[in-house]
Amino acid sequence: MSARFLIHEHTHPEWELYLQVHGLSRWTAAGCQYVLGPGHMFMMAPGTVHHMTEEHPGNHHFYFAAIDIAAVFGRHPALTEQWRNLPAVVHHPGARSLVEPFAQLVRELTVKRSHQDEGVALAADILILEAGRLLMPGPSTSELSVHPAVAQIRALLDGEFSRRWPLADLAERVGLAPTYLAGLFARETGMPPHRYLNERRIERARQLLRASDLTITAIGIEIGFGSGQHFARAFRQADGCTPQEYRRRGQA
């Protein structure tokens with residue numbers, strides 16, 4: 001979702017999971033006020049009244065899904081433990097690990113592929129698994145195999161992909177030489193920082209092409225490209241088709 005989007009007061013018969021990826025949003029849930037920043041998870045129990053408090057003046061990007069967790073628990077009974085005796089509203093600020101599970105669920109729901117029902121169920125299972133891990137008491141686990149500087153840069157690019165990020169600026173953030181950071185990042189992730197940033201932008205572009213009526217140029221500018229032409233070239237390199245062709249396929 002993007003700028004000037006307002007979710008009005010409502011409830012769900014299922015648990016709703018919301019992840020703020022970029023920007024800020026303000027909510028009221030069960031009578032309490034919440035401010036969500038990048039990487040914040042927000043969950044509401046079935047029947048909990050909640051709504052966005054205001055339209056935020058800047059761009060923001062989030063995922064949300066209402067999931068019948070009883071169906072997930074039927075497939076994986078061991079996952080029920082972390083969901084027992086939860087309050088009606090859960091706010092967890094360190095939830096960037098949910099970005100990829102949410103993105104996979106969106107892909108399974110919006111891109112027609114073989115075994116789609118199984119893909120949606122598996123994506124929902126992974127999302128509930130990762131959310132449940134965040135609910136476990138004690139300090140959150142970290143990716144021990146990932147260098148702290150790489151983890152910090154990944155989190156930065158995941159949350160602020162619409163900004164221009166010269167390698168020198170990224171290196172300054174983590175106190176490393178640019179060439180050293182570039183090599184370290186490529187060894188850890190399999191790609192240099194600029195390619196990782198472009199992948200985050202193109203991932204967001206796919207969502208906007210499927211779910212909005214923004215022009216190609218407007219989408220390109222919103223996700224951080226300097227022009228519609230630059231965006232179109234990068235999109236074709238990534239997906240093998242133009243943004244217009246991708247949008248037409250999705251509409252078909």
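Residue numbers count from 1 along this sequence.
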Trainee: Look at R75 together with D125 and state whether they make a salt bridge at an N to O cut-off of under 4.0 Å.
Mentor: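 Looking at R75 and D125, the cut-off is met.
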Trainee: What are the two closest non-hydrogen atoms of H40 and V35, and how far apart are they?
Mentor: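 That closest heavy-atom pairing would be ND1-O, 3.9 Å.
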Trainee: Looking at Y196, I'd like to know if the NZ or CZ of R200 sits under 6.0 Å from its six-membered ring centre while staying within 45 degrees of the ring's axis.
Mentor: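 Verdict for Y196: a cation-pi partner in R200.
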Trainee: Taking the side chain from R247 and the backbone from L209, do they hold a donor-acceptor pair closer than 3.5 Å?
Mentor: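 Judged by distance alone, yes, a pair lies under 3.5 Å.
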Trainee: Look at the aromatic rings of F225 and F231 and report parallel, tilted or perpendicular, splitting at 30° and 60°.
Mentor: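 Geometry flag for F231 against F225: tilted rings.
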Trainee: Other residues, nucleotides and ligands only: do more than 12 of their heavy atoms fall within 6.0 Å of CD on E245?
Mentor: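 Yes, because the 6.0 Å sphere around CD of E245 holds more than 12 heavy atoms from other groups.
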Trainee: Hey, what's the ring geometry for H91 with Y34, parallel, tilted or perpendicular (30° and 60° as the breaks)?
Mentor: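 Answer is perpendicular, since the angle exceeds 60°.
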Trainee: Name the residue from E81, H92, M41 that meets the side-chain contact (heavy atoms from CB on, under 4.5 Å) definition with L135.
Mentor: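 Option passing the side-chain contact (heavy atoms from CB on, under 4.5 Å) with L135: M41.
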Trainee: Please check this pair: side chain of T48 against backbone of M44, looking for a donor-acceptor N/O pair closer than 3.5 Å.
Mentor: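 The answer is no, because no donor-acceptor pair under 3.5 Å joins these two groups.
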Trainee: Mark yes or no for whether H147, through its side chain, and A149, through its backbone, hold a donor-acceptor pair below 3.5 Å.
Mentor: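 A pair under 3.5 Å: yes.
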Trainee: Please tell me whether Y18 and F62 form a close aromatic pair, meaning their ring centres lie under 6.0 Å apart.
Mentor: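 Under 6.0 Å, so yes.
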Trainee: Could D239 and R206 be called an ion pair, given the rule that one side-chain N must be under 4.0 Å from one carboxylate O?
Mentor: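 Judged by the 4.0 Å cut-off on N to carboxylate O distance, D239 and R206 do form a salt bridge.
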Trainee: Answer yes if the side chains of Q20 and Y63 hold a donor-acceptor pair under 3.5 Å, and no otherwise.
Mentor: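 No.
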